[in-house]
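Below you'll find the structure, written out as C-alpha cells, and then a few comments.
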Amino acid sequence: MINSGSDLVMINLSTREITRKPCPGHVIKNYLGGRGLGDYILLKHLGAATGPLDPENILVVASGLLTGSRMITTGRVHVSSRSPLTGLIGTSNSGGMFGSELKLCGILALVITGRSEAPAFIKITGDQITIEDASPAWGLPRQEAAEKLLELAGEKNARAALIGPAGEKLVSLASIMVGPGHACGRTGLGAVMGSKNLKGIVVKKTAAAAAEKVPAEAVRAVKNYLAKLKTLPDWEEWTTLGSTDSVIWTHQLGACGAKNYSQVTFDGIETATGASFKDMIVKYRGCYNCPVRCKATVKIDRGRHKGFEGDRGEYEPLSTWGPKCGNADGLESIYLCNLCDEYGLDSIGAGNAVAFAIDLYERGILTVGDTGGLELTWGNAESMEELLRQIADRSTWLGDALARGMKQAAGIIGRGSEKYTHTVKGLSMTIMDPRGFKGSGLGYAVSNRGADFGYVYAKPEYAYTREQALKAYGTEKAADRLAEEGKPPMVRQCMLANAVVDSLGICKIPEFGMIMDFDLQEAAKLVTAFTGSAVTGEDLLKTGERIVNAERLFNFRYGATAKDDTLPAKFLTEPIKEGPCRGSVVNLTPMLKEFYALMGWQEDGVVGKDKVNQLNLAGLTGDTPLDRLWE
C-alpha cells in the first residue's frame with residue numbers, strides 16, 4: 001500500500017498526551033483510510049456507555065488512502081464520532097485543502113479524545129504536534145476564527161479545520177468547517193469538538209512533503225481518468241455551474257420537497273436556482289489537485305445583500321433554504337448558506353429545521369408567542385435569518401429546541417408536530433422526495449447515518465439506460481425511478497461503493513456524478529497504480545461491505561434496530577397528488593426484505609455471526625483500550 005501518510009496520532013486533550021505511530025498494515029488493507037478507518041477505530045474502542053458529548057467520546061479526523069496524492073480530486077477528509085444528533089454513527093466528509101495538508105504531514109488520522117480545561121487548538125507543522133491556547137479565537141465566527149488561529153499558530157499559509165459559535169454552544173446541528181464553502185456538516189460533529197473545548201486544528205506541511213516520487217503507472221492512470229472526465233457531456237456543466245443547476249431538477253421531475261414536503265413542485269423555481277446568478281461569479285475555485293473546480297465565489301449585485309461576497313453554494317443547501325423553505329429568492333439562499341458556514345452550522349440540517357418551524361407556524365401549531373414575534377411564513381427571508389441566528393446561539397425557546405435537531409424539537413414542541421418531522425434515525429432528509437425516487441428512498445431508510453442522499457448516491461435509478469440497468473441489476477425497471485423492482489441490488493452496490501470512495505478520499509462528483517463508477521472498476525485501476533497492489537472492483541466492494549457492516553454493528557451497540565430502517569409515514573401512505581409521480585408511495589417492506597437478504601443479514605436486520613466472521617469484524621466490541629490503537 002501507499003507508504004507516506006500512514007501514521008495514526010492519538011491526542012488526549014485531558015492529559016495533553018500525544019502519541020504517534022504507523023497505522024498497522026492490516027488495518028489499512030481492510031479499511032483503507034477516511035471513513036473506513038474511522039468506523040474501525042470507533043467500533044473497536046468506543047464503549048456502549050460513552051455518550052456523544054462525554055470527554056471519552058472519540059473524534060477521528062482521517063484522510064483517505066489517496067488523499068493528498070497526485071491523483072486528481074483527492075482533497076477529501078472524513079470525520080467520525082458518535083453523533084450528538086442521532087446517537088448513532090456520525091460521519092461527515094468534506095473537500096478543500098485541509099485533508100491533503102494533513103496527509104502530507106504523514107498523518108492518516110488524528111484520534112482525539114478527552115476534554116481540554118480551556119479552549120485549545122491542535123497545531124501540526126510537519127512532524128511537530130502541539131496543543132495550544134485557543135482562547136483568543138473562542139466565540140469567533142468561521143472566517144475570523146480561521147484568521148486568528150493561523151495568527152496564533154504563526155503559520156499564515158496553513159490550513160484549518162474549526163468550529164464556529166454553534167459548535168461551542170453544543171448545537172446538535174453544528175458542523176466542522178475546513179474552508180470557505182467546505183464543511184463536514186451532517187450529524188453534528190462540530191458539537192463533539194465543542195464538548196472537547198477544541199476550537200480547531202491547524203495544519204502546515206513541510207516543503208519536502210510534496211516531493212514524493214509518483215510511479216509511472218499512477219501518472220498514466222491519472223491521465224486516463226482525466227481524459228475520460230473531459231469527454232463526458234456534463235463536463236462543462238460541472239465546471240461552470242457546479243451542482244447549482246440541479247435545484248430546478250427535482251421540480252421538473254415532480255419530486256421536490258418544497259415547503260417541508262407539502263408540495264412536489266415550486267412556483268418560484270426559476271429564481272430559486274443559483275444557476276440564475278452565474279453573472280455574479282467573481283472566481284472559480286477547486287479543491288486540492290482538482291481540474292473540475294466546481295466551487296465558485298459570487299458577489300451579490302442586487303437586493304438586500306448587495307455587495308455581499310461569499311461561496312456560491314451547492315444543490316442540497318440551496319434547495320433547502322430555497323424551495324423547502326418556500327423561498328424563491330436564490331440570493332437569499334446563497335446568503336443564508338454562507339451565514340450557516342460562519343456560525344458553523346450544517347446548512348442542510350439548519351435549513352430543514354427552519355422549514356419545519358415555518359410549516360408548524362403556517363399550520364397554527366406554533367404561534368407568534370412561541371416565535372417571539374417572528375412571522376414565520378413561507379419565504380420570509382428576514383424571519384428565516386433571525387431564526388437561524390437563534391438556533392446558532394440557542395438564545396430563545398424555539399431556537400434552543402431546534403438546535404437539538406428536528407426530532408428532539410418535536411418532542412419539546414409537541415401539539416402533533418411530530419407528523420411534520422421528516423427524519424430517518426434522527427437525521428433530516430435531503431430535498432428529493434422518496435416517492436419520486438424509490439432507490440433513494442430505500443437508501444434513506446437503510447443508511448447508517450440517516451436520511452442522506454450522499455451516503456448511497458443512487459444515481460443509476462435516473463441516469464442508467466434500461467440496458468445498463470438490466471446488466472447491472474437484472475431488470476430494466478431498476479432504471480425507472482418510480483419502480484421498486486431492482487432497487488435493492490442497486491442500493492446495495494451504491495452503498496458499498498460510497499463507503500469505499502469515502503475511504504479512498506476521492507470526490508464523488510467525478511467518481512459517481514460524472515463517470516458513474518459504481519462497480520469501482522475505475523477506482524480499482526487507481527488503487528492498483530498508486531499502491532502497487534493489484535485489486536479489482538470486486539475486492540473494493542468487499543471492503544465497502546466490511547465498512548457498512550461495521551457501521552451497522554456500531555449503531556446496534558447504541559440501541560438501533562431494524563425498526564429504524566424506515567421512512568416518515570407520509571411517504572409510505574400518502575400518494576403524490578399531481579405531476580409525473582402522481583399516485584406514487586414508497587412500498588418499503590418488500591424492498592427491505594430483499595435488501596437484507598442481499599446483504600446477508602438475518603430477517604430481523606441483524607448482522608449475524610457468520611457475516612461478522614466472514615468480514616473479520618469479530619472482537620470489535622468497543623472494549624479495547626485506546627492505548628492498543630496500533631495493534
Side-chain angles (χ1 to χ4, degrees), residues 7-24 27 31 33-63 77-92 98 102 105 107-124 129-134 138 161-163 167-168 170 172 174-176 184 187-203 550-551 554 557-558 620-631:
D7 285 354
L8 298 181
V9 178
M10 185 168 69
I11 301 173
N12 188 319
L13 294 170
S14 297
T15 64
R16 304 183 85 80
E17 293 178 279
I18 301 172
T19 310
R20 177 173 184 166
K21 297 179 184 178
C23 182
V27 176
Y31 297 93
R35 175 175 152 194
L37 179 59
D39 292 340
Y40 167 77
I41 291 170
L42 292 173
L43 187 63
K44 183 177 180 180
H45 297 287
L46 194 66
T50 302
L53 301 181
D54 291 347
E56 295 78 16
N57 192 14
I58 300 168
L59 182 74
V60 183
V61 182
S63 300
V77 64
H78 207 94
V79 183
S80 304
S81 189
R82 187 179 178 200
S83 167
L85 179 64
T86 68
L88 305 175
I89 190 73
T91 69
S92 199
F98 178 85
L102 182 67
C105 288
I107 298 171
L108 185 58
L110 302 174
V111 183
I112 304 167
T113 189
R115 183 179 190 273
S116 176
E117 290 186 4
F121 74 97
I122 296 167
K123 176 184 175 182
I124 303 171
I129 306 173
T130 56
I131 301 171
E132 307 286 345
D133 179 27
W138 200 256
L162 54 88
I163 58 172
E168 297 171 6
L170 309 185
S172 293
S175 60
I176 299 172
C184 292
T187 69
L189 300 186
V192 176
M193 278 185 66
S195 74
K196 296 183 178 301
N197 254 343
L198 180 63
K199 180 65 175 179
I201 305 164
V202 176
V203 182
E551 291 173 346
F554 184 89
R557 176 182 298 168
Y558 295 101
L620 304 181
T621 60
D623 299 325
T624 305
L626 261 177
D627 59 10
R628 295 174 59 187
L629 179 67
W630 294 274
E631 292 181 354

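Treat the numbers as computed from the prediction; the structure is a model and nothing was measured.
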Begin with the C-alpha distance, continue with both residues' side-chain angles, and end with the deciding distance and a verdict on side chain to side chain contact (heavy atoms under 4.5 Å, CB included) for Ile107 and Ile129.
-> CA-CA 11 Å; Ile107 298 171; Ile129 306 173; 4.2 Å; yes
Less than 4.5 Å apart, any side-chain heavy atom of Ile11 and any of Val111?
-> no
Who are the ring pair (Phe, Tyr, Trp, His ring centres under 6.0 Å) partners of Phe121, not counting sequence neighbours?
-> none
Answer yes or no: is there a donor N or O on one side and an acceptor on the other, between the side chain of Thr86 and the main chain of Leu88, under 3.5 Å?
-> yes
Only one of Val79, Ile124, Leu59 passes side chain to side chain contact (heavy atoms under 4.5 Å, CB included) with Leu110; say which it is.
-> Ile124
Shortest non-hydrogen contact from Ser63 toward Leu102 | OG-CD2, 3.8 Å
Check the pair Lys123, Val203 against side chain to side chain contact (heavy atoms under 4.5 Å, CB included), reporting the backbone distance first and the verdict last.
-> CA-CA 6 Å; Lys123 176 184 175 182; Val203 182; over 6 Å; no
Between CG on residue Asp627 and CD on residue Glu17, distance to nearest 0.5 Å | 10.0 Å
How would you list, by chain and number, every residue that makes a side chain to side chain contact (heavy atoms under 4.5 Å, CB included) with Arg16, sequence neighbours excluded?
-> Ser116, Ile131
Residue pair Met193, Lys199: steps toward the side chain to side chain contact (heavy atoms under 4.5 Å, CB included) verdict | CA-CA 7 Å; Met193 278 185 66; Lys199 180 65 175 179; over 6 Å; no
If we only count heavy atoms from C-beta on, is the Thr19 to Trp630 side-chain gap below 4.5 Å?
-> yes
Give the intermediate values and the outcome of side chain to side chain donor-acceptor pair (under 3.5 Å) for residues Thr113 and Asn12.
-> CA-CA 5 Å; Thr113 189; Asn12 188 319; 5.6 Å; no
Could you walk me through whether Val202 and Ile122 pass the side chain to side chain contact (heavy atoms under 4.5 Å, CB included) check?
-> CA-CA 6 Å; Val202 176; Ile122 296 167; over 6 Å; no
Could you pull out the closest heavy-atom pair between Phe554 and Leu42, with the gap in Å?
-> CE1-CB, 3.7 Å
Heavy-atom closest pair (Leu43 atom, Arg557 atom, distance to 0.1 Å) is O-NH2, 2.7 Å
Got Tyr558 and Leu46 here, is their nearest side-chain heavy-atom distance under 4.5 Å?
-> yes
Side chain to side chain contact (heavy atoms under 4.5 Å, CB included) filter on Glu631, not counting sequence neighbours, yields Lys44, Arg628
Under the side chain to side chain contact (heavy atoms under 4.5 Å, CB included) test, residues paired with Ala109 that sit two or more places apart = Leu8, Leu37, Val60, Ala62
Atom pair SG/CZ of Cys184 and Phe98 - distance to nearest 0.5 Å = 9.0 Å
Side chain to side chain contact (heavy atoms under 4.5 Å, CB included) against Thr621, all qualifying residues, sequence neighbours excluded = Asp623
Euclidean distance, Glu168 CD relative to Ser195 OG, rounded to 0.5 Å = 12.5 Å
Just wondering, do Arg82 and Pro52 contact through their side chains at under 4.5 Å, heavy atoms?
-> yes
Which atom pair, heavy atoms only, marks the closest approach of Gly114 to Ser14?
-> CA-OG, 3.2 Å
Closest non-hydrogen contact found for Ala161 with Ile176 is CB-CG2, 4.2 Å
In short, Asp39 meets Ala550 closest at the heavy-atom pair CB-CB, 4.5 Å
For residues Ile201 and Leu162, determine if any side-chain heavy atom of one lies less than 4.5 Å from a side-chain heavy atom of the other.
-> no
Does the side chain of Leu53 reach to within under 4.5 Å of the side chain of Pro84, using non-hydrogen atoms?
-> yes
Ser81 side chain to Ser83 main-chain N or O, any donor-acceptor pair under 3.5 Å?
-> no
Answer whether the closest heavy-atom distance between the side chains of Asn197 and Leu13 falls below 4.5 Å.
-> no
Enumerate the residue pairs fulfilling salt bridge (charged side-chain N to carboxylate O under 4.0 Å, His left out) with a member in residues 48-61, sequence neighbours excluded, ordered by first and then second residue.
-> none
Given side chains that start at C-beta, do those of Arg35 and Glu551 come closer than 4.5 Å, heavy atoms only?
-> yes
